[in-house]
Colleague: 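This is the structure, below, for whatever I ask next.
Note that these values count all heavy atoms, side chains included, but never hydrogens, waters or copies made by symmetry. Here, residue 1 is the first one in the sequence, and each next residue gets the next number.
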Amino acid sequence: MIGRTWISATLALALAAGPALAEDITRHPIPGSDFPISEAVEVPAGHATVYLSGFGPSVTNPNAEKNSLASFGDTRAQTASTLASIEAALKRRNLSLRDVVKMTVFLVGDPAKGGRLDFAGLMEAYREQFGTAAQPNLPTRSAVQVAALANPGWLVEIEVTAVRP
């Protein structure tokens, strides 16, 4: 009888704690800033970590020369397309962009910007997915300019780490 009572109580506590686990990831905003990334994210023990490989953009203009910049679009279009692919990959794992805790963005300099990365284009598409009323969870993030990516038409590649509550 004591064994059953103990097991029942333990099970009840575990079930009650289940939904709370999704809320115990702590995201620390950048002090005094409204920039849409977290300065730090704390993930307590007990969460599975999911690492997604780098994703690049989808072709937006199939009539353009294969693997050309024109076939994938500008930085904003490529970022939006890449985030959509990441969102789909997360969904296949029963996760969403809300679960992303770390993001690394690799940007190639845009020839239309004199070879400089188009940070504004990145941010336009990023702000549509992160820091919104519908999706307020902000990951930590780094954005770096690289000399080239695997596909010569890519200006953007993004990899993320997500956490499963």
Colleague: Flag the pair Pro31 / Glu39 as yes when at least one side-chain heavy-atom distance between them is below 4.5 Å, and no otherwise.
Modeller: yes

Colleague: Looking at Arg76 and Asp118, would you say the former's side chain and the latter's main chain have a donor-acceptor pair under 3.5 Å?
Modeller: no

Colleague: Go through the steps to decide whether Val156 and Phe55 satisfy the test side-chain contact (heavy atoms from CB on, under 4.5 Å), and finish with yes or no.
Modeller: CA-CA 8 Å; Val156 178; Phe55 278 73; over 6 Å; no

Colleague: In sequence, state the C-alpha distance, the side-chain angles, and the governing distance for Val108 and Val146, and then conclude on side-chain contact (heavy atoms from CB on, under 4.5 Å).
Modeller: CA-CA 5 Å; Val108 172; Val146 297; 4.1 Å; yes

Colleague: Got a donor-acceptor contact below 3.5 angstrom from the Gln145 side chain to the Leu107 backbone?
Modeller: no

Colleague: At their closest point, which heavy atom of Ala70 faces which heavy atom of Ala64, and how far apart are they?
Modeller: C-CB, 3.7 Å

Colleague: CG of Asn151 to NZ of Lys66: how many Å apart, nearest 0.5 Å?
Modeller: 9.0 Å

Colleague: Decide whether Val105 and Tyr51 are clustered together by the hydrophobic rule: side chain heavy atoms of Ile, Leu, Val, Met, Phe, Trp, Tyr closer than 4.5 Å, transitively.
Modeller: no

Colleague: If you take all heavy atoms of Pro139 and Asn137, which pair is closest and at what distance?
Modeller: CD-O, 3.8 Å

Colleague: Determine whether a donor-acceptor pair (N or O, by modelled atom type, separation under 3.5 Å) exists between the side chain of Thr104 and the backbone of Ser142.
Modeller: no

Colleague: Ile158, Val41: one ILVMFWY side-chain cluster at the under-4.5 Å cut-off?
Modeller: no

Colleague: Looking only at heavy atoms, which two atoms of Ser71 and Ser68 are closest? And how far apart?
Modeller: OG-O, 2.6 Å

Colleague: How close do Leu97 and Gln135 get, counting heavy atoms only, and between which atoms?
Modeller: O-NE2, 3.9 Å

Colleague: May I ask you to decide if Ala150's main-chain N or O and Glu157's side chain share a donor-acceptor pair within less than 3.5 Å?
Modeller: no

Colleague: With a 4.5 Å heavy-atom cut-off, do Ser85 and Ser58 have their side chains touching?
Modeller: yes

Colleague: If I take atom CG from residue Asn94 and atom CZ from residue Arg164, how far apart are they, to the nearest 0.5 angstrom?
Modeller: 6.5 Å

Colleague: Listing request: all ring-ring contact (aromatic ring centres under 6.0 Å, His included) pairs with a residue in residues 96-129, at least two apart in sequence or in separate chains.
Modeller: Tyr126-Phe130

Colleague: Is the shortest side-chain heavy-atom distance between Leu52 and Ile86 below 4.5 Å?
Modeller: yes

Colleague: Would you say Met103 ends up clustered with Met123 if hydrophobic residues are merged whenever their side chains have heavy atoms under 4.5 Å apart, either directly or through other cluster members?
Modeller: yes

Colleague: Output the distance between atom CG (Leu90) and atom CG (Leu83), rounded to the nearest 0.5 Å.
Modeller: 10.0 Å

Colleague: If every non-hydrogen atom of Arg27 is compared with every non-hydrogen atom of Leu138, which pair is closest and at what distance?
Modeller: NH1-O, 3.0 Å

Colleague: Between Thr161 (side chain) and Val100 (backbone), is there a donor-acceptor pair under 3.5 Å?
Modeller: no

Colleague: Judged by atom type as modelled, is there a donor-acceptor pair below 3.5 Å linking the side chain of Thr82 to the main-chain atoms of Gln78?
Modeller: yes

Colleague: Are the side chain of Thr132 and the backbone of Glu128 linked by a donor-acceptor contact shorter than 3.5 Å?
Modeller: no

Colleague: Can Phe72 and Val59 be said to form a side-chain contact (heavy atoms from CB on, under 4.5 Å), step by step?
Modeller: CA-CA 5 Å; Phe72 294 101; Val59 171; 3.7 Å; yes

Colleague: Once you round to the nearest 0.5 Å, how far does OG1 of Thr75 lie from CG of Leu155?
Modeller: 4.5 Å

Colleague: Measuring from atom CG of Leu122 to atom CZ of Arg127, what distance do you get when rounded to the nearest 0.5 angstrom?
Modeller: 10.0 Å

Colleague: With hydrophobic residues grouped by side-chain heavy-atom distances under 4.5 Å, do Ile25 and Ile30 end up in a single group?
Modeller: no

Colleague: Should the heavy atoms of other residues, nucleotides or ligands under 6.0 Å from NZ of Lys102 be counted, would the total exceed 12?
Modeller: yes

Colleague: Should Asp24 and His47 be marked as a side-chain contact (heavy atoms from CB on, under 4.5 Å) after you check the CA-CA gap, both sets of side-chain angles, and the distance that decides it?
Modeller: CA-CA 10 Å; Asp24 64 353; His47 294 276; 3.0 Å; yes

Colleague: Find out if a path of hydrophobic residues (ILVMFWY) with successive side-chain heavy-atom gaps under 4.5 Å connects Val50 to Val163.
Modeller: no

Colleague: If every non-hydrogen atom of Leu95 is compared with every non-hydrogen atom of Ala162, which pair is closest and at what distance?
Modeller: CD1-CB, 4.2 Å

